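My questions all concern the structure below.
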Amino acid sequence: MSHTGAASAPGDSLTFADDLRDVAKGVNVCLDALLPLPMGGEKRVVEAMRYSALDGGKRLRPFLAVASADLFDVPHVQSLRAGAAVEMVHCYSLIHDDLPAMDDDDLRRGRPTCHKAFDEATAILAGDALLTRAFSVLSDEATHPSGDTRARLIAALAEAAGAEGMVGGQMLDLLAEQSDLGEGEIERLQALKTGKLLAVSCQIGGMLGQADAAALEDLKTYGLCLGAAFQIADDLLDLEATESDLGKATGKDGAAGKATFVSLHGPERARKRAKTLVDQAVAALSRFGETAEPLRAAAAFTVDRRS
Ligand code: GRG
């Protein structure tokens, strides 16, 4: 699964870790090219964008976009651009989430958060500009020759990122600090905040390959189940991992009194629930046969990961 330019079949490499590293390399090259430094004073905001987007991160969302697109033999030059667009939205959300008005974090991906490395105003602008750049990348013919397909990609990402998706989930998360959420409410919050962007990464891959409605629905189900498992794993890591493992502060949910599946039911039941969700994610891939092996491996990785 080489994604640095040369085409190859999915699952060529020996392990999921190789595949993930391969996509990360490809997407880094793509992000570097998509975020050139301008000459004037505006250079500072692009430096902040590049600081937050170019180094670190697992690149799980680009991986999902590329592996889903691979099901339909989409050229990697297209799927990497789409993956880079989703990663830009993800990086914007991390920059804004780290701001003093939100989570107020000093460390992200093992180094100072954007507002610490630059300043708050620059960090806000860098997040804004990454969000808007994502849509301009999707609107470019290099992402897909069909204008209709590009419009579908843009609409899908806008829905997943906005008030009906990640931003809505973040709002619920902020409100949750003043109320006790039940299990259903926690699941909804997390599906919006984390699940929808992971799911749309898969849907975008399918859209690039002109997948039919049923296949797109299966990719969405896969992504949402994977997202729910990913979030439980994240909550477990917040409880059990160290700051140096994660490259960010830990123990924040407990300190903020935030209800999670883990705080409601304890780590053991949370682990079982995450495994059930992984099984559901994998079951949603049945129509795709062997070509979906990298996506199956990604589902297992979400709960086994250490960062
Ligand atoms: C500010 C609009 C807005 C949204 C913020 C993404 C987010 C919503 C908050 C980040 C805090 C958090 C712990 C979210 C839940 C899980 C998550 C998205 C973790 C980070 O994603 P990873 O693990 O990060 O894929 P890397 O660094 O590997 O890309």
Side-chain angles (χ1 to χ4, degrees), residues 17 20-21 23-24 27-28 31 51-65 83-84 86-105 107-111 113-115 120 123-124 126-128 130-132 134 157-158 160-177 186-187 189-201 223 226-239 241 243 245-256 258 260-262 274 298 301-307:
L20 190 59
R21 208 173 307 119
V23 172
V27 89
N28 286 352
L31 284 165
Y51 175 83
S52 293
L54 285 186
D55 287 315
K58 293 178 287 299
R59 308 305 198 190
L60 180 61
R61 292 150 194 83
F63 179 88
L64 295 174
V86 181
E87 185 69 16
M88 285 182 195
V89 172
H90 173 56
C91 293
Y92 124 75
S93 80
L94 298 179
I95 295 173
H96 282 196
D97 187 62
D98 290 335
L99 287 167
M102 299 229 192
D103 247 16
D104 195 9
D105 276 307
L107 196 66
R108 169 71 62 186
R109 292 176 167 173
R111 50 191 201 149
T113 46
C114 190
H115 66 276
E120 270 181 52
I124 292 170
D128 292 342
L130 280 169
L131 176 64
T132 47
L157 185 59
E164 300 154 271
M166 187 176 65
V167 168
Q170 182 75 348
M171 187 75 251
L172 294 177
D173 200 40
L174 293 171
L175 294 172
E177 286 172 21
I186 293 172
E187 277 175 1
L189 181 166
Q190 296 182 339
L192 295 183
K193 183 174 139 179
T194 316
K196 279 204 163 188
L197 198 64
L198 289 163
V200 85
S201 307
L226 174 137
F230 179 93
Q231 185 61 60
I232 292 176
D234 213 70
D235 296 336
L236 283 165
L237 288 170
D238 186 62
L239 186 73
E243 192 169 290
D245 286 337
L246 299 189
K248 63 178 181 180
T250 56
K252 294 207 70 167
D253 290 347
K258 264 188 207 166
T260 64
F261 195 94
V262 179
F301 164 80
T302 55
V303 294
D304 293 336
R305 69 198 166 98
R306 300 310 315 154
S307 71

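In listed order, ligands and their atoms are each counted from 1. Here the structure is a predicted model, which is why all the values come from computation and not from measurement.
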**Message:** Among residues at least two apart in sequence or on other chains, which ones pass side-chain hydrogen bond (donor to acceptor under 3.5 Å, both in side chains) with T302?
**Reply:** none
**Asked** Should D97 be counted as touching ligand 1, given the test is an N or O pair under 3.5 Å?
**Response** no
**Request:** Could you tell me if any non-hydrogen atom of V167 lies under 4.0 Å from any atom of ligand 1?
**Result:** yes
**Request:** Identify, with sequence neighbours excluded, every residue that meets side-chain hydrogen bond (donor to acceptor under 3.5 Å, both in side chains) alongside D105.
**Result:** K252
**Message:** Keeping K58 on the side-chain end and L20 on the backbone end, is there a donor-acceptor pair under 3.5 Å?
**Reply:** no
**Item:** Identity and separation of the nearest protein heavy atom to atom 13 (C) of ligand 1
**Value:** D234 OD2, 3.5 Å
**Prompt:** Given that the side chain starts at C-beta and the backbone is N, CA, C, O, which of these parts of K58 lies under 4.0 Å from ligand 1, counting heavy atoms, or is it both or neither?
**Reply:** both
**Prompt:** Can you find a side-chain donor-acceptor pair between D173 and Q190 that sits under 3.5 Å?
**Reply:** no
**Prompt:** Relative to Y51, does R111 satisfy both conditions: NZ or CZ under 6.0 angstrom from the six-membered ring centre, and within 45 degrees of the ring's axis?
**Reply:** yes
**Message:** Minimum distance, heavy atoms only, to atom 29 (O) of ligand 1: which one of R59, R109, R108 is it?
**Reply:** R109
**Message:** Please compare R61, M166, Q231, K193 and report which has the shortest non-hydrogen distance to atom 18 (C) of ligand 1.
**Reply:** R61
**Prompt:** Counting only heavy atoms, which portion of T194 has something under 4.0 Å from ligand 1: side chain, backbone, both, or neither?
**Reply:** side chain
**Prompt:** Passes side chain to side chain contact (heavy atoms under 4.5 Å, CB included), R59 versus N28? Steps please.
**Reply:** CA-CA 9 Å; R59 308 305 198 190; N28 286 352; 2.8 Å; yes
